[in-house]
Amino acid sequence: METLLFLFPQFNYMAPKEEAYFRMFAVQDLQSRAMKDDSGRQKDKERKSRLSLFLTKSGSHENVSPHKKTNTTTSNISPEAALQWSDSFEELLKHTDGVETFSQFLRTEFSEENIEFWLACEEYKTIDSETKLLSKAKYIYTVYIESEAPKEVNIDYNTKMAIQKNMEHPMRGCFDAAQTKVFSLMKKDSYPRFLHSDIYMRITRRKGPGATMFRRRSRSCVFNERGEAKTEPSAW
């Protein structure tokens with residue numbers, strides 16, 4: 001009753017019969033509002049669920065990557081090429097195979113959204129059309145930034161709010177702060193683990209049939225499986 005008086009102060013000035021009649025419609029109105037709110041929340045959940053399912057089925061990494069490449073397998077990557085990725089995280093990102101292999105590693109840690117977001121931002125900054133820029137900005141925000149997004153990245157509240165405010169008129173650099181934070185997270189956290197991961201070791205050491213190559217800290221040679229050293233100054 002207190003809720004009805006708050007929402008409908010007209011009750012204070014009605015006769016008992018009018019009050020009873022009006023109360024019936026007031027209750028129906030409140031029930032209708034509640035049903036609309038529940039329906040809106042359910043539709044929002046269904047929208048995010050469909051978006052998440054779409055991203056899973058379509059392979060979101062290929063969708064956002066500026067270096068689209070299909071059927072990439074680690075068996076096609078030479079140990080010499082892969083060894084260059086250990087020079088720095090920045091060096092790894094210069095190589096399409098390096099990005100794809102690093103993405104495969106992140107999937108094993110359930111954190112592939114980080115590289116996908118970084119790649120999406122890189123592509124976003126190359127868009128010239130204002131219409132496409134707006135569309136891409138909304139896509140990135142919906143998929144990676146907003147709360148409970150299907151691939152929400154881990155950024156602080158202030159950065160997230162700053163991006164939200166820029167969504168009406170997004171600029172080319174509106175995701176720069178978030179991209180820098182995600183880049184730093186991958187470089188300091190994921191990249192060192194990647195260099196010691198099975199997927200990277202299989203490429204650089206060629207586990208299985210054939211010669212196995214080991215990279216040593218001597219920076220001067222590569223060892224085969226028989227322990228024979230071959231001088232190679234540029235190996236590091």
Side-chain angles (χ1 to χ4, degrees), residues 55 58-128 132-133 136-137 139-140 143-145 151 153-155 159 171-207 212-222 230 232-236:
L55 291 171
S58 62
S60 57
H61 170 64
E62 290 185 359
N63 289 339
V64 301
S65 172
H67 308 292
K68 291 183 180 179
K69 187 172 182 177
T70 58
N71 299 323
T72 299
T73 60
T74 56
S75 61
N76 297 329
I77 305 171
S78 69
E80 293 78 13
L83 288 173
Q84 297 179 37
W85 307 344
S86 66
D87 290 341
S88 67
F89 185 51
E90 290 81 356
E91 182 66 27
L92 179 146
L93 294 176
K94 294 177 183 178
H95 301 266
T96 303
D97 289 337
V99 171
E100 181 59 35
T101 306
F102 184 63
S103 299
Q104 292 177 20
F105 166 73
L106 291 183
R107 290 184 193 111
T108 66
E109 295 199 333
F110 304 99
S111 59
E112 68 272 17
E113 69 276 0
N114 291 326
I115 188 65
E116 291 173 4
F117 169 70
W118 186 87
L119 290 167
C121 292
E122 287 295 285
E123 184 180 29
Y124 174 77
K125 289 183 286 189
T126 66
I127 298 175
D128 295 323
K132 291 182 178 179
L133 198 72
K136 188 68 174 180
Y139 170 82
I140 293 175
V143 176
Y144 300 105
I145 302 298
K151 289 181 175 289
V153 293
N154 185 17
I155 56 176
T159 301
M171 304 297 289
R172 188 162 280 102
C174 67
F175 296 108
D176 284 356
Q179 186 185 17
T180 298
K181 292 178 185 296
V182 171
F183 175 88
S184 179
L185 176 65
M186 291 191 294
K187 181 176 181 178
K188 296 179 180 179
D189 186 51
S190 302
Y191 176 63
R193 290 200 303 274
F194 166 73
L195 295 179
H196 294 90
S197 67
D198 288 341
I199 188 172
Y200 184 66
M201 292 299 184
R202 279 197 299 270
I203 302 173
T204 56
R205 296 185 178 182
R206 289 296 187 185
K207 290 182 179 180
T212 302
M213 302 180 70
F214 296 89
R215 194 176 196 185
R216 297 295 177 83
R217 288 290 178 179
S218 64
R219 302 192 180 200
S220 60
C221 60
V222 176
K230 176 183 177 182
E232 191 172 341
S234 60
W236 191 265

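Numbering starts at 1 and runs along the sequence shown.
No donor-acceptor pair under 3.5 Å is formed between the side chain of R172 and the backbone N or O of L133. Proximity of a side-chain donor or acceptor of S103 to a complementary backbone N or O of V99 within less than 3.5 Å is detected. The backbone N or O of L83 lies less than 3.5 Å from a partner atom in the side chain of S86, making a donor-acceptor pair.
Salt bridge absent: K187 and E91 never bring a charged side-chain N and a carboxylate O closer than 4.0 Å.
One finds the CG atom of L119 at 9.0 Å from the CD atom of Q179 (value rounded to the nearest 0.5 Å). Residue Q104 holds its CD atom at 12.5 Å from CD1 of I115, rounded to the nearest 0.5 Å. Taking OG1 from T108 and CG from D198, the interatomic distance works out to 9.0 Å, rounded to the nearest 0.5 Å.
A 4.5 Å side-chain heavy-atom check between T159 and I145 finds every atom pair outside the cut-off. The side-chain heavy atoms of I77 and W85, taken from C-beta on, include a pair separated by under 4.5 Å. Side-chain atoms of S197 and F194, non-hydrogen and from C-beta on, do get closer than 4.5 Å to each other. By the 4.5 Å heavy-atom criterion applied to side chains, M186 and S184 are not counted as neighbours. Considering only heavy atoms from C-beta on, T101 stays 4.5 Å or farther from L92 through its side chain.
Between K132 and I127, the shortest heavy-atom distance links the atoms CB-CG2, 3.7 Å. Looking at every heavy atom in both residues, Y144 comes nearest to K151 through CD2-O, 3.3 Å. When all heavy atoms of I203 and A82 are compared, the closest pair comes out as CG2-CB, 3.4 Å. Between P192 and K188, the shortest heavy-atom distance links the atoms CG-O, 3.6 Å. Taking each heavy atom of M201 and H196 in turn, the nearest pair found is CE-CA, 3.8 Å. The two residues I140 and A120 make their nearest non-hydrogen contact at CD1-O, 3.8 Å.
Qualifying side chain to side chain donor-acceptor pair (under 3.5 Å) partners for D189, counting only residues two or more places apart in sequence or in other chains: R193. Shown here are the ring pair (Phe, Tyr, Trp, His ring centres under 6.0 Å) partners of F89, two or more places apart in sequence or in another chain: F102, F183, Y191.
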(request) Test E116 against V143 for side-chain contact (heavy atoms from CB on, under 4.5 Å), laying out the working first. (result) CA-CA 10 Å; E116 291 173 4; V143 176; over 6 Å; no
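Summarising the local packing, CG of D176 is surrounded by more than 12 heavy atoms from other residues, nucleotides or ligands at distances under 6.0 Å.
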